[in-house]
A.B. asks: 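Dropping a structure here in structure tokens format, bear with me for questions.
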Amino acid sequence: MTCRADLNPGGPVFRLRSIVRVRLAGLLAATVAAVALTAVEPAPQAAHAAACTGTSGVTVVVDYAALGGGVQVACALGDPATGVAALQGAGFTVTGTSRWGLAFVCRINGKPTSATEPCVNTPPATAYWSYWHAPAGGSWSYSSSGASSYNPAPGSVEGWAFGAGAAPSIAAP
């Protein structure tokens, strides 16, 4: 049963209803804003499971040989701003370390597994993802920059190889 005093504009029920209405209105406004931003945000370009053609994007080579796998080649269309963005744009999932985030790539597509490498700090020098660059069809060069700060040019090739710092086992496409 509600007391008439509670329905009074100064009463506790009235104040509670006002607070709920204000919060619901704020939540509705935030939801509408998020939908509007999503609607105008350009969709990411799909990755291609092959080398890029010409300067249509950055080709990414990931060599899993040291982990018992093969080599994957994919294309990050457009002009990715960083090596990490190229890796992700080519369709690879990337995990950084707890300490350094994506400034240090620890896992690509879940490799190595968390049972092998917990990705807390940087992995040992004998078991890490080394980062390489090459012009299309050219020779690999070990990166002197981290993947989160390097800006690959469209038409170039990014390489990743797991192990002790050896270049990818295939020539740059």
Side-chain angles (χ1 to χ4, degrees), residues 34-173:
V35 168
L37 285 174
T38 302
V40 297
E41 188 74 24
Q45 296 178 341
H48 292 269
C52 299
T53 56
T55 58
S56 64
V58 174
T59 297
V60 178
V61 173
V62 178
D63 188 339
Y64 298 96
L67 296 166
V71 177
Q72 288 184 315
V73 178
C75 176
L77 293 171
D79 185 7
T82 67
V84 170
L87 188 58
Q88 292 170 323
F92 295 94
T93 57
V94 182
T95 304
T97 63
S98 298
R99 185 172 185 185
W100 305 106
L102 289 178
F104 196 94
V105 172
C106 185
R107 265 189 213 103
I108 299 175
N109 283 357
K111 304 285 184 199
T113 65
S114 57
T116 304
E117 176 53 58
C119 295
V120 175
N121 288 307
T122 55
T126 57
Y128 73 101
W129 284 104
S130 58
Y131 179 46
W132 301 80
H133 313 292
S139 298
W140 292 113
S141 296
Y142 189 82
S143 182
S144 60
S145 299
S148 61
S149 60
Y150 183 79
N151 184 359
S156 66
V157 183
E158 298 281 277
W160 294 86
F162 190 83
S169 61
I170 66 167

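The model shown is predicted, which means the values in this text are computed figures rather than measured ones.
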A.B. asks: Please examine the side chains of V62 and L87, heavy atoms only from C-beta on, and report whether any two atoms are closer than 4.5 Å.
C.D. replies: yes
A.B. asks: Strictly by disulfide bond (SG atoms under 2.5 Å apart), give each pair with a member in residues 141-173 just once, sequence neighbours left out.
C.D. replies: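 Those involving residues 141-173 do not exist here.
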A.B. asks: Flag the pair V73 / T59 as yes when at least one side-chain heavy-atom distance between them is below 4.5 Å, and no otherwise.
C.D. replies: yes
A.B. asks: Could you check W140 against V157 for side chain to side chain contact (heavy atoms under 4.5 Å, CB included), going step by step and ending with a plain yes or no?
C.D. replies: CA-CA 9 Å; W140 292 113; V157 183; 3.5 Å; yes
A.B. asks: Between C52 and A76, which heavy-atom pair has the shortest distance, and what is it?
C.D. replies: SG-N, 3.9 Å
A.B. asks: Looking only at non-hydrogen atoms, find the nearest pair between A74 and A90 and report the distance.
C.D. replies: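 That closest heavy-atom pairing would be CB-O, 3.3 Å.
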A.B. asks: Taking disulfide bond (SG atoms under 2.5 Å apart) as the cut-off, I'd like each qualifying pair that reaches into residues 121-173, sequence neighbours left out, listed once.
C.D. replies: none
A.B. asks: Hey, are the side chains of L67 and P112 touching, using non-hydrogen atoms and a 4.5 Å cut-off?
C.D. replies: yes
A.B. asks: Report the residues that fulfil side chain to side chain donor-acceptor pair (under 3.5 Å) with S144, sequence neighbours left out, ordered by chain and then residue number.
C.D. replies: none
A.B. asks: Got a list of side-chain donor-acceptor pairs under 3.5 Å for residues 158-173, not counting sequence neighbours?
C.D. replies:
residue: E158; atom: OE1; partner: Y131; partner atom: OH; Å: 2.2
residue: E158; atom: OE2; partner: H133; partner atom: ND1; Å: 2.8
residue: S169; atom: OG; partner: D63; partner atom: OD2; Å: 2.7

A.B. asks: Could I get the full list of side chain to side chain contact (heavy atoms under 4.5 Å, CB included) partners for T53, not counting sequence neighbours?
C.D. replies: S56
A.B. asks: Indicate the atoms forming the closest heavy-atom contact of V58 with A153, along with that distance.
C.D. replies: CG2-O, 3.6 Å
A.B. asks: How would you list all residue pairs meeting disulfide bond (SG atoms under 2.5 Å apart) that involve residues 136-173, not counting sequence neighbours?
C.D. replies: none
A.B. asks: Please name all residues satisfying side chain to side chain donor-acceptor pair (under 3.5 Å) with Y150, sequence neighbours left out, ordered by chain then number.
C.D. replies: none
A.B. asks: Considering all heavy atoms of both residues, which atom of A134 and which atom of S139 are nearest to each other, and what is their separation?
C.D. replies: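 Heavy atoms of A134 and S139 come nearest at CB-O, 3.4 Å.
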A.B. asks: Rounded to the nearest 0.5 Å, what's the gap from OG1 on T113 to CZ on R107? Could you check?
C.D. replies: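 Here the interatomic distance stands at 7.0 Å.
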A.B. asks: Less than 4.5 Å apart, any side-chain heavy atom of V61 and any of W132?
C.D. replies: no
A.B. asks: Going by the rule side chain to side chain donor-acceptor pair (under 3.5 Å), which residues pair with S145 if we only count those two or more places apart in sequence or in a different chain?
C.D. replies: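 Result, side chain to side chain donor-acceptor pair (under 3.5 Å) vs S145: none returned.
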A.B. asks: Can you list every pair that meets ring pair (Phe, Tyr, Trp, His ring centres under 6.0 Å) and has a residue in residues 55-94, with sequence neighbours left out?
C.D. replies: Y64-W129
A.B. asks: Taking all non-hydrogen atoms of both residues, which atom of C75 and which atom of G57 are closest, and how far apart?
C.D. replies: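 In terms of heavy atoms, the two residues are closest at SG-CA, 4.4 Å.
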A.B. asks: Can you list every pair that meets side chain to side chain donor-acceptor pair (under 3.5 Å) and has a residue in residues 92-101, with sequence neighbours left out?
C.D. replies: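 Side chain to side chain donor-acceptor pair (under 3.5 Å) check on residues 92-101 returns T93-N109.
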A.B. asks: Is any side-chain heavy atom of Q88 closer than 4.5 Å to one of P80?
C.D. replies: no
A.B. asks: Can you tell me which residue pairs pass the disulfide bond (SG atoms under 2.5 Å apart) test with a partner in residues 100-163, sequence neighbours excluded?
C.D. replies: C106-C119
A.B. asks: Only counting residues at least two apart or in another chain, list the ones meeting ring-ring contact (aromatic ring centres under 6.0 Å, His included) with F104.
C.D. replies: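 Here no residue qualifies.
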